[in-house]
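Note that this is a predicted model, so its numbers are computed, not measured.
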Amino acid sequence: MISGYELLNNPFLNRGTAFTTEERKQHGLLGLLPPRVKTIDEQADEIYALYQKKGTLIEKRHFLMEIFNNNRTLFFNLMGRHINEFMPIVYDPVIAESIEEYNERFVKPQNAAYLTVDHPENNREILKNAAEGRDIRLIVVTDAEGILGIGDWGVNGVDIAVGKLMVYTAAAGINPAQVLPVSIDAGTNNQELLDDKNYLGKRHARIEGQRYFDFIDQFVGDVESLFPKSLLHFEDFGRGTAAKILDKYQDKILTFNDDIQGTGVIVLAGVLGALNITKEKLTDQTFLTFGAGTAGMGIVKMLFEELVRQGLSEQEAKQHFYLFDRQGLLFDDTEGLTPEQARFTRSRGEFDNAAQLTDLTAAIKAVQPTVMVGTSTVHNAFTEAAIREMAAHAKHPIIFPISNPTKKIEAMPDDVMNWSDGRALVATGIPTPAVDYQGVQYEIGQANNALIYPGVGFGALAVQAKVINDDMLAAAAHALGGLVDADQPGAAVLPPVSKLADFSKKVAEAVAQSAIDQGLAAAGITDAKQAVADFTWQAEYKPLDQELARFE
């Protein structure tokens, strides 16, 4: 039986001063804590008061991580009370700074599994050690080649897996004892890390090619063998690997790639929300994707498939898309196209000035998009000239500069609103305040994947779905986009983070229902709402003996 200091040091079971007198007697805790017994409400109030005294955002994050490392239930109870305030602290954008300082500030591994491509033979042992016999249902894994907008951060990127799982629990209610963050250390091409004497990862260039993909195969096999009821969520893999991995496994196992699928879903939801406001049709829109990497092409794929669902042929749907990347507007003969890009490129013969379309403003003038999404990580790329050009031909231009963190965003929403004479419908990838334009408060939707992936993953897990497919993702997008209050002046195109738990539940129920309707749910599960309710964990102290039984 777990008891004494072992119990106090277990973050899934520890409840600190909230252990009752009887629990202290029964489990070897007598005299190991001050005598007063506190409620979780008292603990949360005291912790929040201490949190407020912290100065910088990174200090606030490190303080919260101390609570997370010691008492998961208290942490999530506290986060549930202050989710709007805590989200940017524990996740994006502050997590970027935490990743950059990971080596210097490392204290605890946060129950993560650290795998290395150098030693695939150790995978099973490492995963077992990290799981500690827990019933793992959700794994977020990263090789950290493409972290947020900051690039390759090697083993430091494990923080993104930890942060994603925090949001899963806070938003949707996955039991934190059933999750596992995983770091795949394939090396790094970040010279800053390789030169850093404090770097905690492998000091060699990234392992690529067949050796890398063989490792992924073995890893997936080990996960399926050890945790057969789990969802495998891939996060922040590189442009050259993310889509290949997803394509290989998405029809075979329960898996999800947030950068490709999650970003696509949140943008589709935002566009649907915007069109609810403008009363326009999706099939009448022209899309310009600024940044045609993993995220950008995930967005294009999701929008394309929705156009097909709404009655267009594939050829008709493709004519609604234009891609703009480092080379400018992408054409059929552009060198270095990825397979995903090649599906949606245009012919140079369509334009009289094709050679000049390396400039965004020129491309907007030629293409005349009604929707423009930025995933480029190029700060201030959406210039005044570009926005005014777009507003010149679109009555209500839909403009989503969603790169993050803040130093990577294509344009700030106050500029977009001013340059479009208040007509743009805007969403950003970072939390931003409302914009006051001519006396109207325009709420800015946050096109953050955190609004979508917790509900998607949770809904699939709640009904033990076999896979997550495009129809389930579309159901999630429509559920989220349908929450917009279209009649409210200045309404946001997406619901606010402050109601994250509420709409994550709605998304989860929509995904679960889609799985049931398609025959992809486990036998006997027919009620989506009940399945979601039954699977939901509450951040409160339950009878200790009941909790201990799951760890023994």
Side-chain angles (χ1 to χ4, degrees), residues 112-113 115 120 123-124 127 131 135-146 157 160-161 164-165 167-168 172 174 178-184 186 212-266 294-295 297-298 301-302 305 340 449-450 452-477 507-508 511-512 514-515 518-522 535:
L115 310 179
N123 285 1
R124 292 180 66 86
L127 292 169
D135 178 21
I136 299 300
R137 296 297 184 92
L138 174 61
I139 296 170
V140 173
V141 57
T142 183
D143 74 352
E145 186 176 2
I160 206 71
K164 284 280 181 181
L165 289 169
V167 179
Y168 262 112
I174 183 76
Q178 293 184 306
V179 307
L180 182 65
V182 176
S183 165
I184 292 177
Y212 173 88
F213 289 109
D214 286 345
F215 176 90
I216 297 297
D217 283 342
Q218 180 168 330
F219 165 70
V220 171
D222 290 335
V223 166
E224 287 295 291
S225 172
L226 294 171
F227 315 117
K229 293 183 179 180
S230 67
L231 164 64
L232 185 53
H233 172 135
F234 287 91
E235 183 67 29
D236 285 347
F237 282 67
R239 177 182 289 203
T241 59
K244 290 181 181 179
I245 293 172
L246 179 62
D247 289 345
K248 182 168 185 177
Y249 298 110
Q250 65 179 335
D251 296 329
K252 300 175 182 176
I253 65 171
L254 186 61
T255 189
F256 183 70
N257 184 302
D258 189 40
D259 307 296
I260 298 174
Q261 296 167 297
T263 305
V265 175
I266 194 65
T294 299
M297 295 315 302
K301 182 175 183 290
M302 186 62 61
E305 289 170 348
E340 294 74 30
N449 294 13
I452 199 73
Y453 69 79
V456 169
F458 193 87
L461 284 169
V463 297
Q464 300 175 39
K466 298 174 183 177
V467 297
I468 294 175
N469 63 19
D470 292 338
D471 286 344
M472 293 160 71
L473 297 176
V507 169
V511 169
S514 178
Q518 296 179 70
L520 296 174
F535 196 57

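- From Asp251, atom CG reaches atom CG of Asn469 across 8.5 Å, with rounding to the nearest 0.5 Å.
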Report, one line per pair, each donor and acceptor closer than 3.5 Å where one atom sits in a side chain of residues 220-231; sequence neighbours left out.
| residue | atom | partner | partner atom | Å |
| --- | --- | --- | --- | --- |
| Ser225 | OG | Arg124 | NH1 | 3.2 |
| Ser230 | OG | Phe227 | O | 2.7 |

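- Summarising the geometry of Val265 relative to Ala476, their closest heavy-atom pair is CG1-CB, 4.2 Å, with the distance given to 0.1 Å.
- The heavy-atom pair separating Leu520 from Val467 by the smallest distance is CD1-CG2, 4.0 Å.
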Open item on the list: Between Lys164 and Thr142, is the side chain to side chain contact (heavy atoms under 4.5 Å, CB included) condition met? List the steps.
Closed with: CA-CA 11 Å; Lys164 284 280 181 181; Thr142 183; over 6 Å; no
- [ ] Any chance you could lay out the side chain to side chain contact (heavy atoms under 4.5 Å, CB included) test for Ile260 and Met302, step after step, and finish with the verdict?
- [x] CA-CA 9 Å; Ile260 298 174; Met302 186 62 61; over 6 Å; no
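- Nearest heavy-atom pair across Gly459 and Ala512 is O-CB, 3.7 Å.
- A 4.5 Å side-chain heavy-atom check between Val140 and Val179 finds every atom pair outside the cut-off.
- Scanning all heavy atoms of the two residues, the minimum distance from Phe458 to Ala508 falls at CD2-CB, 4.1 Å.
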- [ ] Please report the C-alpha distance between Leu165 and Ile174 in whole Å, then the side-chain angles of each, then the deciding distance to 0.1 Å, and finally whether the side chain to side chain contact (heavy atoms under 4.5 Å, CB included) criterion is met.
- [x] CA-CA 9 Å; Leu165 289 169; Ile174 183 76; 6.0 Å; no
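- Residues Leu473 and Phe256 are in side-chain contact: their nearest non-hydrogen atoms beyond the backbone lie under 4.5 Å apart.
- At least one side-chain heavy atom of Arg137 sits less than 4.5 Å from a side-chain heavy atom of Phe535.
- Between the side chain of Thr241 and the main chain of Phe237, no donor-acceptor pair closer than 3.5 Å is present.
- Expressed to the nearest 0.5 Å, how far CD1 of Ile136 lies from CD of Gln178 amounts to 7.5 Å.
- In this structure, the side chains of Asn257 and Ile245 stay at 4.5 Å or more apart for every pair of heavy atoms.
- Shown here are the side chain to side chain contact (heavy atoms under 4.5 Å, CB included) partners of Glu340, two or more places apart in sequence or in another chain: Ala243, Asp247, Met297, Thr338.
- Side-chain contact check for Val456 versus Ile468: some heavy-atom pair is nearer than 4.5 Å.
- Contact detail for Ala460 and Met472: the closest heavy-atom pair is CB-CE, 4.3 Å.
- With rounding to the nearest 0.5 Å, the separation of CG in Leu115 from CG in Asn123 is 5.0 Å.
- For the pair Asp259 (side chain) and Glu235 (backbone), a donor-acceptor distance under 3.5 Å is absent.
- Between His233 and Val141, every side-chain heavy-atom pair lies at or beyond the 4.5 Å cut-off.
- When all heavy atoms are compared, the tightest approach of Gly457 to Tyr168 is CA-CE2, 4.0 Å.
- Contact annotation: the side chain of Phe234 never approaches that of Asp258 to less than 4.5 Å [non-hydrogen atoms, C-beta and beyond].
- When atom types are taken as modelled, the side chain of Thr255 and the backbone of Leu232 share a donor-acceptor pair closer than 3.5 angstrom.
- In summary, the side chains of Thr263 and Asn449 do present a donor paired with an acceptor at a separation below 3.5 Å, with no hydrogens or angles considered.
- In this structure the side chain of Gln250 reaches within 4.5 angstrom of the side chain of Gln261, judged on heavy atoms.
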